[in-house]
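In what follows, a single structure is set out as structure tokens and then discussed.
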Amino acid sequence: MMTTRTRKILISALVLAVLACIYFLVSPMESVWMPKCMVKTLTGLDCPSCGAQRAFHAALHGHFAEALRYNFFLLVGLPYLVAAVVASAGSGKVSQWVRSHLLCPPMLWLYVALYVAWMIIRNILGI
């Protein structure tokens, strides 16, 4: 019998797989129904996550250099997000280490500071 935790992990994996299939098949640049950035729409400024959908689409097609051109912050953001998800789902020693070292308040504040700094840098330099 499956535990609730296992069920949640399987449902999450299924949702992620479906999203990956959608992003593989549909280009965010050419689709009118893909979500648009509200920060960009309201202010005209690129938020730190602008380009993430296009980067994800490019990466799924194996175009990693293009993905980085769309959003360079993914080099920092994606591994941190994956570590947070894995640590949240797990209960072993590795998950505990990740929670205590990567998800502690100083690291979370560092991530927020890098996120804000990336927004400022990309809008000043036009990246």
Side-chain angles (χ1 to χ4, degrees):
M1 176 151 225
M2 253 195 285
T3 65
T4 304
R5 183 171 162 255
T6 305
R7 224 174 290 128
K8 287 180 183 179
I9 291 171
L10 287 174
I11 290 170
S12 297
L14 179 63
V15 168
L16 287 174
V18 169
L19 285 173
C21 288
I22 290 170
Y23 275 100
F24 182 83
L25 297 171
V26 179
S27 171
M29 293 178 292
E30 299 167 6
S31 173
V32 295
W33 59 270
M34 292 295 260
K36 305 298 181 221
C37 177
M38 292 305 296
V39 172
K40 178 90 169 180
T41 302
L42 295 173
T43 68
L45 297 172
D46 287 328
C47 79
S49 300
C50 277
Q53 291 183 92
R54 290 173 286 159
F56 190 52
H57 177 76
L60 286 173
H61 286 273
H63 305 139
F64 300 109
E66 182 181 348
L68 288 177
R69 281 192 301 275
Y70 284 129
N71 192 321
F72 190 76
F73 191 74
L74 291 179
L75 280 176
V76 174
L78 201 54
Y80 190 80
L81 178 63
V82 169
V85 169
V86 168
S88 298
S91 59
K93 289 182 181 182
V94 172
S95 294
Q96 290 173 351
W97 185 90
V98 169
R99 280 194 295 275
S100 66
H101 289 82
L102 295 181
L103 301 179
C104 62
M107 288 301 286
L108 290 171
W109 281 112
L110 175 63
Y111 181 82
V112 169
L114 290 172
Y115 194 75
V116 171
W118 173 242
M119 181 175 181
I120 294 167
I121 291 167
R122 80 180 311 186
N123 282 292
I124 290 173
L125 299 178
I127 305 173

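In what follows, residues are counted from 1 in the order of the sequence shown.
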Donor-acceptor contacts, no H, no angles, side chain residues 119-127, under 3.5 Å, sequence neighbours left out:
| unit_1 | atom_1 | unit_2 | atom_2 | d |
| --- | --- | --- | --- | --- |
| Arg122 | NE | Ile127 | O | 3.4 |
| Arg122 | NH1 | Cys47 | O | 2.8 |
| Arg122 | NH1 | Cys50 | O | 2.9 |
| Arg122 | NH2 | Cys50 | O | 3.3 |
| Arg122 | NH2 | Tyr70 | O | 3.4 |
| Asn123 | OD1 | Asp46 | N | 2.9 |
| Asn123 | ND2 | Asp46 | O | 2.7 |
| Asn123 | ND2 | Met119 | O | 2.7 |

For [X] and [Y], work out which heavy atoms get closest and say how close.
X	Y	value
Pro28	Gln53	CG-O, 3.6 Å
Asn71	Ala52	ND2-N, 4.1 Å
Tyr80	Leu102	OH-O, 2.6 Å
Met34	Tyr23	CE-CE2, 3.1 Å

Co-membership, hydrophobic cluster, residues [X] and [Y], 4.5 Å side-chain:
X	Y	result
Val18	Ile11	no
Leu10	Leu16	no
Leu60	Leu68	no

| request: Compute the ring centroids of Phe56 and Phe64, then answer whether they are less than 6.0 Å apart. | output: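 No, ring centres 6.0 Å or more apart.
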| said: Less than 6.0 angstrom separating the ring centers of His57 and Phe24, yes or no? | reply: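 No - the distance between ring centres of His57 and Phe24 does not fall below the 6.0 Å cut-off.
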Give, for atom [atom1] of [X] and atom [atom2] of [Y], the distance between the pair rounded to the nearest 0.5 Å.
X	Y	atom1	atom2	value
Thr43	Lys40	OG1	NZ	8.0 Å
Ile22	Trp33	CD1	CH2	5.5 Å
Leu14	Leu19	CG	CG	9.5 Å

| message | Can you classify the ring geometry of Tyr115 versus Phe73 as parallel (below 30°), tilted (30 to 60°) or perpendicular (above 60°)? | response |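 The arrangement is perpendicular - the two ring planes meet at more than 60°.
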| With distance as the sole test, does His101 use its side chain to make a donor-acceptor pair with the main-chain N or O of Trp97 at under 3.5 Å? |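 Between the backbone of Trp97 and the side chain of His101 there is a qualifying donor-acceptor contact (under 3.5 Å).
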| Expected output: side-chain Ser100 to main-chain Gln96 donor-acceptor under 3.5 Å |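 Confirmed, Ser100 side chain pairs with Gln96 backbone.
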| For Phe72, does the CZ atom have more than 12 heavy-atom neighbours from other residues, nucleotides or ligands under 6.0 Å away? |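 For Phe72, atom CZ is not crowded (no more than 12 foreign heavy atoms under 6.0 Å).
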